[in-house]
Amino acid sequence: MGTRETSGDDGIVLNFDCDSHKHKDKHKDREHRHKEHKKDKEKDREKSKHSNSEHKDSEKKHKEKEKTKHKDGSSEKHKDKHKDRDKEKRKEEKIRASGDAKIKKEKENGFSSPPLIKDEPEDDGYFAPPREDIKPLKRPRDEDDADYKPKKIKTEDTKKEKKRKLEEEEDGKLKKPKNKDKDKDKKVPEPDNKKKKLKKEEEQKWKWWEEERYPEGIKWKFLEHKGPVFAPPYEPLPENVKFYYDGKVMKLSPKAEEVATFFAKMLDHEYTTKEIFRKNFFKDWRKEMINEEKNIITNLSKCDFTQMSQYFKAQTEARKQMSKEEKLKIKEENEKLLKEYGFCIMDNHRERIANFKIEPPGLFRGRGNHPKMGMLKRRIMPEDIIINCSKDAKVPSPPPGHKWKEVRHDNKVTWLVSWTENIQGSIKYIMLNPSSRIKSSELGYSVSVFTPPSLSNPPLALGLLQGEKDWQKYETARRLKKCVDKIRNQYREDWKSKEMKVRQRAVALYFIDKLALRAGNEKEEGETADTVGCCSLRVEHINLHPELDGQEYVVEFDFLGKDSIRYYNKVPVEKRVFKNLQLFMENKQPEDDLFDRLNTGILNKHLQDLMEGLTAKVFRTYNASITLQQQLKELTAPDENIPAKILSYNRANRAVAILCNHQRAPPKTFEKSMMNLQSKIDAKKEQLADARRDLKSAKADAKVLKDAKTKKVVESKKKAVQRLEEQLMKLEVQATDREENKQIALGTSKLNYLDPRITVAWCKKWGVPIEKIYNKTQREKFAWAIDMADEDYEF
DNA sequence: ACTGGCACTTAGCAACAAAGGG
DNA sequence: CCCTTTGTTGCTAAGTGCCAGT
């Protein structure tokens, strides 16, 4: 580093030493990766040969999650494998669209067979009255939530509930206090319960809010659930479905057969042709074989799974052809399952669980060029499962003949069930559904969802566990808004720092701020696809152009980010940034870290000093939300009609999605549906022309006749024309919207980055019904915002 | 300081369900 | 009413960031 340091800086020299270690190590580690890299590059190069032009044209390519590199034309040494892979890749692109769906379908989607878990009877039992020794600590509420009335009802009441309610009434709902006292809680007598369910619901809801807010990392006081639903057991293939090895029929042992079916189900998928996939699969498959099989089956290419594959296709087909009754039956069964296992009781409130079904076994398919693709994702057994619930809750029973790995009572976490997954060794969790609030109760009478609460007061009382967190996230982003100027000035200053580390930090932060890049934690090599974020950018990921297309100091980014989605962008930057980048890149290999003295820990620590709660990802939230707000301001034309306004909204949303690089593969049927729409438009135009003609002649008649009747006709024709015009315009808007949205995914930003209050305010301001922007799930998730934001809300 | 583990958020795509057109 | 098209939900991988232990 010394060499690339600015001259004469001691600090730098010092740094250099340590750095060089780091550097070296990294370098070493990366060596072989680099090789892989090159291969990829080569592949990609070839692939993208025809149009190596930028962005637009190549977008399709990006889609496929493969790495596409432009630079580096050097490595030509790779052989056959590459070629194959290359081919595969191309194929994959295409096939992805066509083959995929089919195959997937056959996958067990769940529940043909009854869950292993045994259930317990009573519903009533669900609600375990809180023990006295457990007292809810409430967090202070600042507002009055009384307005919010849920509709659900259920279960018996508890004294606490009642009491709380009473208390509330007395106090006039405002209490903010952390815990008022639990003593108080005890006093109220309980009224009858069954009858007034409605009331009860309310109470419950209210109480729930209260109890949800605990201090100091406590997530709940009471938690009870039924445990997970396991994947249905493997059903052996019928005798007539044969597997062939080297042309000869072979009967597989059950385990080996099961794993073979996983592969067979994916046969149409391109990745079953990928070297890595096949290698990983075969290795894991062999582990499941009995010795005899191992001895015989030594070459995957000699395996013939086609009968299996056809069998599954037929099954899928059959499922599609099922009669209505059969389908209905299945549906009912699923609903029953949901009712039974899909909810838990958390602090007296019945909550929807997000993923109560354990992930079924299968072959792992990571995203992008994942080194572990094709590995066997093993079946999860009760013995792998850790159950989390409160001590006073009824512990779910494991399936007969089994036991849980562990039952714990950790109220500092939100998960109900966890297990360790075998591919990456990471922990998987069963948690609550983020959008879930009150859902219909098992009694069935509760009203569907959550009626938009009286818009009157309840300010933020509405946040539920997740909702509140969500809200907090946006509040943090708003705090950033207040000091972002200062921070920007500071990092600009830091570009001049004598310390390399500070400069790197400042430049990285600039990218994060300006381009909404992700932080870029380090990842273990060989464990995951090679993707990067800001701090983990490598020299090979950027190209510097002192001048490009008439602009000065352009940085060209090209790397794979989260989910192996390509980030490609050419950005003019300030001269100082540019010079710094040149400095950072001096004497480095392409595979070296661009910011070799920086990592997310260092960066976030610094951010924490600048503002409490500030981390790299807050910038994404902030920039996304502020962009939406600005764009809405800019794009909304007061006089436009609702569809046009919605288009404006979508455009603003799109601007954010582009900023955050939220892409999607163009829908498979995109071209077709576009054409359909166009023909609709044409038809509409014709209709309109006809109607206009009619109108004209009617007018002519009216001029002559002047009687009331003809006048009326004119009026009605006029209306018809108007109606058609509106319809046409709506269609045209739709076409524009769709076209512009071809490969942009709006959902992610809407759900995760945009302060919903901005949207709510905008809707209120322009009279756009909120349902036009948020669907039901979204409205549930953002209920707090819908409730609290008025049209003047400013992010 | 560094690392790995853990908890929780963010992500895109496929399956499924509902809506719309003939 | 059937079939296609579009919107919604489910699924689970892949990130972020904090924390404890060294």
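All of these numbers come straight from a predicted model, not from anything done at the bench.
Within the structure, every side-chain polar atom (N or O) of A:Thr531 is placed at least 4.0 Å from both OP1 and OP2 of C:dA14. Applying the 4.0 Å criterion to OP1 and OP2 of B:dA11, one finds that A:Arg620 has a side-chain N or O inside that range. OP1 or OP2 of B:dT9 has at least one side-chain nitrogen or oxygen of A:Lys469 nearer than 4.0 Å. Close to C:dT6, at under 4.0 Å from its OP1 or OP2, lies a side-chain N or O of A:Ser673. For A:Lys523 and C:dG15, the shortest distance from a side-chain N or O to OP1 or OP2 is below 4.0 Å. Contact annotation: A:Arg365 does not reach the phosphate of C:dC11 (side-chain N/O to OP1 or OP2, under 4.0 Å). For the pair A:Lys357 and C:dG10, the criterion of a side-chain N or O lying under 4.0 Å from OP1 or OP2 is not met. In terms of phosphate contacts, A:Asn676 brings a side-chain nitrogen or oxygen within less than 4.0 Å of OP1 or OP2 of C:dT5. Distances shorter than 4.0 Å separate none of the side-chain N or O atoms of A:Lys320 from OP1 or OP2 on B:dC16.
For A:Glu726, there are no salt bridge (charged side-chain N to carboxylate O under 4.0 Å, His left out) partners two or more places apart in sequence or in a different chain. Remark: A:Lys684 pairs with A:Gln727 by the side-chain hydrogen bond (donor to acceptor under 3.5 Å, both in side chains) rule, at least two apart or across chains. In terms of the salt bridge (charged side-chain N to carboxylate O under 4.0 Å, His left out) criterion, residue partners of A:Glu406 (sequence neighbours excluded) are, by chain and number, A:Arg408. For A:Tyr429, there are no side-chain hydrogen bond (donor to acceptor under 3.5 Å, both in side chains) partners at least two apart in sequence or on another chain. In this structure, the ring pair (Phe, Tyr, Trp, His ring centres under 6.0 Å) partners of A:Tyr753, at least two apart in sequence or on a different chain, are A:His662.
When all heavy atoms are compared, the tightest approach of A:Leu598 to A:Ala508 is CD2-CB, 3.4 Å. Of all the heavy atoms in A:Leu628 and A:Val656, the pair that sits closest is N-CG2, 3.8 Å.
Of the residues near DNA chain B, A:Asp410 and A:Lys473, the one whose nearest nucleotide (by heavy atom distance) lies more toward the 5' end is A:Asp410. Looking at which nucleotide of DNA chain B each of A:Lys680 and A:Ala745 is closest to, the 5′-most match is held by A:Ala745. Nearest-nucleotide positions on DNA chain C for A:Glu359 and A:Thr528 put A:Glu359 closer to the 5' end.
Of all nucleotides listed (B:dA7, C:dT8, C:dG10), C:dT8 comes nearest to the side chain of A:Thr777. Distance from the side chain of A:Asn775 is smallest for C:dT8 among the nucleotides B:dC13, C:dT8, C:dC11. With distances taken from any side-chain atom of A:Trp415 to the nucleotides B:dA18, B:dC8, C:dG15, the minimum falls on B:dC8. In the set C:dA14, B:dA7, B:dG12, B:dG12 carries the atom at the smallest distance from any side-chain atom of A:Thr748. The side chain of A:Asp563 sits closest to C:dA14 out of B:dC8, C:dG10, C:dA14. Listed nucleotides: B:dA7, C:dT6, C:dG15. Nearest to the side chain of A:Met431: B:dA7. Listed nucleotides C:dT9, B:dA7, B:dA11 differ in distance to A:Ile427; the shortest reach to its side chain belongs to B:dA7. Among the nucleotides B:dG12, B:dA14, B:dC8, the one closest to any side-chain atom of A:His662 is B:dG12.
What separates CZ of A:Phe356 from C1' of C:dT12 is a distance of 15 Å, to the nearest Å. Summarising the geometry, the separation between NZ on A:Lys219 and P on B:dC6 is reported as 16 Å, rounded to the nearest angstrom. Between the CG atom of A:Asn334 and the C1' atom of C:dG10 there is a distance of 12 Å, given to the nearest Å. When the P atom of C:dG7 is taken as reference, atom CD of A:Glu771 falls 16 Å away, rounded to whole Å. Here the C1' atom of nucleotide B:dG20 and the CD atom of A:Gln727 are 14 Å apart, to the nearest Å. Across the protein-nucleic acid pair, A:Ile358 atom CD1 and C:dG10 atom C1' stand 15 Å apart, rounded to whole Å. For the pair A:Leu677 CG and B:dG21 P, the computed distance is 11 Å after rounding to whole Å. Following rounding to the nearest Å, A:Gln778 (CD) and C:dT9 (C1') show an atom-to-atom distance of 11 Å.
Nucleic acid contact class of A:Lys377 (heavy atoms, under 4.0 Å, all strands): sugar-phosphate only. Contact annotation for A:Thr669: no contact, since no heavy-atom pair falls under 4.0 Å across all strands. Using a 4.0 Å heavy-atom distance criterion, A:Tyr753 is classed as a sugar-phosphate-only contact.
Contact check on A:Glu333 versus A:Lys336 returns no salt bridge, with no Lys/Arg side-chain nitrogen under 4.0 Å from an Asp/Glu carboxylate oxygen. At a threshold of 4.0 Å, the pair A:Lys523-A:Asp530 does not count as salt-bridged, since none of the basic side-chain nitrogens sits closer than that to a carboxylate oxygen. Using a 4.0 Å cut-off between a side-chain N of Lys or Arg and a carboxylate O of Asp or Glu, A:Glu332 and A:Lys339 do not qualify as a salt bridge.
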Generate the contact string for nucleotides 16-22 of chain C. Rules: B means base contact, S means sugar-phosphate contact only, - means no protein heavy atom under 4.0 Å. BBS----

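Put simply, the side chain of A:Lys428 and the base of C:dT12 share no donor and acceptor less than 3.5 Å apart.
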